[in-house]
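Per chain, numbering begins at 1; letters A, B, ... match sequence-line order.
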There are 2 protein chains.
Amino acid sequence: MKTKKHVFPHQQCKTNFLALRDSLELLGGKWKLFIVLRIGKNPDDLHHFKKLEKDIIGISAKVLSKELRVLEENKIITRTVQNTRPVTVTYALTKYGQSLIPIAQDLQQWGLNHRKMISGI
Amino acid sequence: MKTKKHVFPHQQCKTNFLALRDSLELLGGKWKLFIVLRIGKNPDDLHHFKKLEKDIIGISAKVLSKELRVLEENKIITRTVQNTRPVTVTYALTKYGQSLIPIAQDLQQWGLNHRKMISGI
DNA sequence: CGGGATCCAATAAGATACTG
DNA sequence: CAGTATCTTATTGGATCCCG
């Protein structure tokens, strides 16, 4: 049973604010954009769960599986199950999910710059 | 006394990943980009604490003050105290902080689009 | 006005074990 | 392989009161 998450007072505000809220809620977490970049940068690789867990250093299986689920629900990635023994699952960015790559890259670039900036260039 | 936050295993990874981590950690929270947009969109207004608290619907004073402090530490906003009685404090975006506006707007735009997308256009 | 201090509830994250 | 379940801890956020 899923309790209705939380109704934000923002629901009375302008659509634009809501939109930013949506984006931050979906993408603002610790890992989602990492996952998107990881998958998106090598679109031709097959992305398996264990591989992602290993590549995205610091993430735990629990968190990874949750993040992947949310990304899938939001049509940003696809999850494909091959019924081999044992099962094989691959993840891929959707075409829609690819629209996040420039955003993630901009953030990455900003962070790169910020690091220089703060460490007092 | 500030306990050393947490040393990420990421500190062994590539700079790019670190950069994205930085950005997400700084900007990925619930409010920071809202504040930046709020201040940045009307650069000629005087932005007072209480006004921001009222405008940014849903934020509490405690959280707002914390967010403002972090933004100031990161040179994204300035905090100016006039010694009137009672004191007046105004916040403004730095020139550097303005570099966040396009990023915030992109996210906002993405969220707008996502909302249409998910509600099944 | 512009917050800080404190207490408490809700969430998120980490560790470990286990399963089809 | 690809996860889930469970338990515990850490972090966030809200509410309230207070202060110069």
Side-chain angles (χ1 to χ4, degrees), chain A residues 1-10 21 24-35 38-39 45-73 77-92, chain B residues 1-10 21 24-35 38-39 45-73 77-92:
Chain A
M1 184 75 67
K2 212 170 188 176
T3 59
K4 177 73 181 158
K5 256 205 89 152
H6 182 192
V7 179
F8 289 95
H10 292 86
R21 163 73 52 238
L24 286 175
E25 219 152 283
L26 176 56
L27 309 173
K30 204 170 163 183
W31 298 110
K32 248 102 83 193
L33 284 183
F34 271 93
I35 297 171
R38 184 74 197 81
I39 298 182
D45 289 10
L46 291 182
H47 298 282
H48 303 260
F49 189 90
K50 283 291 178 192
K51 189 69 167 35
L52 289 172
E53 185 184 355
K54 198 161 63 68
D55 286 353
I56 303 174
I57 301 176
I59 202 169
S60 69
K62 187 180 86 174
V63 173
L64 178 57
S65 86
K66 192 199 63 184
E67 302 285 70
L68 289 171
R69 219 177 306 129
V70 173
L71 288 173
E72 193 196 357
E73 285 165 4
I77 61 173
T78 56
R79 177 174 185 274
T80 311
V81 184
Q82 279 100 0
N83 35 358
T84 50
R85 281 303 319 244
V87 292
T88 319
V89 180
T90 55
Y91 294 92
Chain B
M1 183 77 66
K2 211 171 188 176
T3 57
K4 178 70 181 159
K5 258 206 86 154
H6 183 192
V7 179
F8 288 96
H10 293 86
R21 162 75 52 239
L24 286 175
E25 219 152 282
L26 177 55
L27 308 172
K30 202 171 165 182
W31 297 111
K32 248 100 84 193
L33 284 183
F34 271 92
I35 298 172
R38 184 76 197 80
I39 299 183
D45 291 9
L46 292 182
H47 299 281
H48 303 262
F49 188 91
K50 283 290 177 191
K51 189 68 168 33
L52 289 172
E53 185 184 354
K54 197 161 62 69
D55 286 353
I56 302 174
I57 301 176
I59 202 169
S60 69
K62 188 180 87 174
V63 173
L64 178 57
S65 85
K66 193 200 61 182
E67 301 284 71
L68 288 171
R69 218 177 308 128
V70 173
L71 288 173
E72 193 197 357
E73 286 166 3
I77 61 173
T78 57
R79 178 176 184 273
T80 311
V81 184
Q82 279 100 1
N83 34 0
T84 52
R85 283 299 321 245
V87 292
T88 319
V89 180
T90 55
Y91 294 92

Q | Whichever of B:His48 and A:Val63 has its nearest DNA chain C nucleotide further upstream toward 5' | A | B:His48
Q: Look up atom CD1 in B:Ile56 and atom NZ in B:Lys54, then write down how far apart they are to the nearest 0.5 Å.
A: 11.5 Å
Q.
Rounded to whole Å, please give me the gap between CD in A:Glu67 and P in C:dG14.
A. 11 Å
(Q) Can you measure B:Leu46 atom CG to C:dC1 atom P for me and round it to whole angstrom units? (A) 15 Å
Q.
Using a 4.0 Å cut-off on heavy atoms, which residues in residues 79-88 of chain A reach DNA chain C? List them by number, or say none.
A. none
Q) What's the NE2-C1' distance between B:His47 and C:dC1, to the nearest Å? A) 17 Å
**Q.** Side chain proximity check, A:Val81 to A:Thr88, heavy atoms < 4.5 angstrom
**A.** no
Q. Could you give the distance from CG (A:Asp45) to CD1 (A:Ile39), rounded to the nearest 0.5 Å?
A. 10.5 Å
Q: Give the minimum heavy-atom separation between A:Val89 and A:Gln82, together with the two atoms involved.
A: N-OE1, 4.5 Å
Q.
Nearest whole Å is fine: how far is C:dG2 C1' from B:Ile35 CD1?
A. 15 Å
Q.
Between P on D:dC1 and NZ on A:Lys54, what's the gap in Å once rounded to a whole number?
A. 10 Å
Q) Looking at B:Trp31, is B:Arg38 sitting on its ring face, NZ or CZ under 6.0 Å from the six-membered ring centre and within 45 degrees of the normal? A) no
Q | Rounded distance in Å - CG (B:Leu24) to P (C:dA12) | A | 16 Å
Q. Going from CD1 on A:Ile35 to CD1 on A:Ile77, what distance comes out if it is rounded to the nearest 0.5 angstrom?
A. 7.0 Å
Q) Any side-chain N or O of B:Tyr91 under 4.0 Å from OP1/OP2 of C:dG3? A) yes
(Q) To the nearest 0.5 Å, what is the distance between CD1 on B:Ile59 and CD1 on B:Ile57? (A) 11.5 Å
Which atom pairs link the protein and nucleotides 4-8 of chain D when you take only N or O atoms and keep those under 3.5 Å?
| from | atom 1 | to | atom 2 | distance (Å) |
| --- | --- | --- | --- | --- |
| D:dT4 | OP2 | A:Ser65 | OG | 2.9 |
| D:dT4 | OP2 | A:Arg69 | NH2 | 3.4 |

Q) Atom CZ of A:Arg21 to atom P of D:dG13: distance rounded to whole Å? A) 10 Å
Q: Measure the angle between the two terminal helix axes of the helix from C:dC1-D:dG20 to C:dG20-D:dC1, five base pairs each, and quote it to 10°.
A: 50°
Q) Would A:Arg69 and A:Glu72 pass as an ion pair if we require N to O under 4.0 Å? A) no
Q | Nearest heavy-atom neighbours spanning A:Leu26 and A:Val70 | A | CD1-CG1, 3.7 Å
Q) With respect to the side chain of A:Lys30, which nucleotide from C:dG14, D:dG3, C:dG2 is positioned closest? A) C:dG14
Q) With respect to A:Glu67, which candidate in A:Lys62, A:Lys30, A:Lys32 satisfies the salt bridge (charged side-chain N to carboxylate O under 4.0 Å, His left out) definition? A) A:Lys32
Q: Measure the distance from CD1 on B:Ile56 to P on D:dG14 and round it to the nearest whole Å.
A: 13 Å
Q.
So, applying side-chain contact (heavy atoms from CB on, under 4.5 Å) with B:His47, which one of B:Thr80, B:Leu52, B:Asp55, B:Thr90 is it?
A. B:Leu52
